[in-house]
Amino acid sequence: MPNLPPEIMTLMRAVIEAHHICWRAPEIEPDSMLADIGFDALDRVSLACALDEHFEIEVPDATIESWERVADVIASVEALAVQHAGEGR
(Lines give C-alpha, C1' and ligand atoms only; values in the text may rest on other atoms or scores of the structure.)
Protein backbone atom coordinates (compact mmCIF):
# COMPACT_ATOMS: atom_id res chain seq x y z
CA MET A 1 0.00 0.00 0.00
CA PRO A 2 1.36 3.46 -0.85
CA ASN A 3 2.43 5.85 1.86
CA LEU A 4 -0.98 7.50 2.09
CA PRO A 5 -0.50 10.59 4.23
CA PRO A 6 1.95 12.39 1.90
CA GLU A 7 -0.29 11.67 -1.08
CA ILE A 8 -3.34 12.88 0.80
CA MET A 9 -1.49 16.01 1.89
CA THR A 10 -0.54 16.69 -1.75
CA LEU A 11 -4.17 16.33 -2.86
CA MET A 12 -5.33 18.59 -0.03
CA ARG A 13 -2.84 21.25 -1.10
CA ALA A 14 -4.11 20.93 -4.69
CA VAL A 15 -7.69 21.51 -3.52
CA ILE A 16 -6.54 24.51 -1.48
CA GLU A 17 -4.78 26.00 -4.50
CA ALA A 18 -7.66 25.25 -6.89
CA HIS A 19 -10.18 26.98 -4.65
CA HIS A 20 -7.86 29.78 -3.51
CA ILE A 21 -8.62 28.95 0.10
CA CYS A 22 -7.02 31.21 2.65
CA TRP A 23 -4.53 28.83 4.18
CA ARG A 24 -4.43 29.84 7.81
CA ALA A 25 -2.30 26.93 9.01
CA PRO A 26 1.42 27.07 8.17
CA GLU A 27 1.45 23.33 7.47
CA ILE A 28 -1.19 20.68 7.06
CA GLU A 29 -0.72 18.16 9.85
CA PRO A 30 -2.84 15.12 10.78
CA ASP A 31 -4.24 17.00 13.78
CA SER A 32 -5.16 20.07 11.72
CA MET A 33 -8.87 20.87 11.78
CA LEU A 34 -10.26 21.13 8.26
CA ALA A 35 -12.11 24.34 9.16
CA ASP A 36 -8.86 25.87 10.44
CA ILE A 37 -7.18 25.37 7.07
CA GLY A 38 -10.17 26.79 5.21
CA PHE A 39 -12.04 23.69 4.10
CA ASP A 40 -15.79 24.21 3.77
CA ALA A 41 -18.36 21.63 2.61
CA LEU A 42 -17.61 22.20 -1.09
CA ASP A 43 -13.88 21.82 -0.51
CA ARG A 44 -14.49 18.53 1.31
CA VAL A 45 -16.45 17.25 -1.69
CA SER A 46 -13.67 18.41 -4.04
CA LEU A 47 -11.13 16.62 -1.88
CA ALA A 48 -13.26 13.47 -1.82
CA CYS A 49 -13.49 13.55 -5.64
CA ALA A 50 -9.71 13.91 -5.91
CA LEU A 51 -9.21 11.04 -3.45
CA ASP A 52 -11.77 8.89 -5.31
CA GLU A 53 -9.94 9.40 -8.57
CA HIS A 54 -6.42 9.07 -7.20
CA PHE A 55 -6.95 5.99 -5.03
CA GLU A 56 -9.77 4.44 -7.11
CA ILE A 57 -12.11 4.41 -4.13
CA GLU A 58 -15.53 5.88 -3.43
CA VAL A 59 -15.85 8.02 -0.32
CA PRO A 60 -19.46 7.89 0.93
CA ASP A 61 -21.23 11.19 1.61
CA ALA A 62 -21.66 10.30 5.30
CA THR A 63 -17.90 9.83 5.58
CA ILE A 64 -17.22 13.20 3.98
CA GLU A 65 -19.64 14.85 6.41
CA SER A 66 -17.88 13.22 9.37
CA TRP A 67 -14.45 14.63 8.52
CA GLU A 68 -13.28 17.18 11.08
CA ARG A 69 -9.49 16.72 11.09
CA VAL A 70 -6.94 15.75 8.46
CA ALA A 71 -6.45 12.51 10.45
CA ASP A 72 -10.12 11.66 9.77
CA VAL A 73 -9.48 11.96 6.04
CA ILE A 74 -6.37 9.79 6.29
CA ALA A 75 -8.17 7.11 8.33
CA SER A 76 -11.06 7.06 5.84
CA VAL A 77 -8.79 6.65 2.84
CA GLU A 78 -6.76 3.93 4.54
CA ALA A 79 -9.93 2.00 5.45
CA LEU A 80 -11.45 2.41 2.00
CA ALA A 81 -8.18 1.40 0.29
CA VAL A 82 -8.02 -1.78 2.38
CA GLN A 83 -11.67 -2.50 1.59
CA HIS A 84 -11.04 -1.82 -2.10
CA ALA A 85 -8.01 -4.15 -2.13
CA GLY A 86 -10.06 -6.86 -0.38
CA GLU A 87 -12.70 -6.65 -3.10
CA GLY A 88 -9.99 -7.38 -5.67
CA ARG A 89 -10.70 -4.43 -7.90
For the student: nearest non-hydrogen atoms of [X] and [Y], plus distance:
| X | Y | answer |
| --- | --- | --- |
| W67 | L51 | CH2-CD1, 3.9 Å |
| I64 | A48 | CD1-CB, 3.4 Å |
| S66 | D72 | O-OD2, 4.1 Å |

Rounded to the nearest 0.5 Å, what separates atom [atom1] in [X] from atom [atom2] in [Y]?
| X | Y | atom1 | atom2 | answer |
| --- | --- | --- | --- | --- |
| E56 | H84 | CD | NE2 | 5.5 Å |
| I37 | R69 | CD1 | CZ | 12.0 Å |
| F55 | E7 | CZ | CD | 4.0 Å |
| T10 | H54 | OG1 | NE2 | 8.0 Å |
| L80 | T63 | CG | OG1 | 6.0 Å |
| R44 | C49 | CZ | SG | 14.5 Å |

D61 side chain reached by V45 side chain, heavy atoms, under 4.5 Å:
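No - every pair of side-chain heavy atoms lies 4.5 Å or more apart.
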
Does the side chain of V70 come within less than 4.5 Å of F39's, by heavy atoms?
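No; the side chains remain at least 4.5 Å from each other.
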
Set out, in order, the CA-CA distance, both residues' side-chain angles and the distance that settles side-chain contact (heavy atoms from CB on, under 4.5 Å) for D43 and L34, then state yes or no.
CA-CA 10 Å; D43 299 317; L34 294 178; over 6 Å; no

Judged by atom type as modelled, is there a donor-acceptor pair below 3.5 Å linking the side chain of D36 to the main-chain atoms of S32?
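It does not hold such a pair.
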
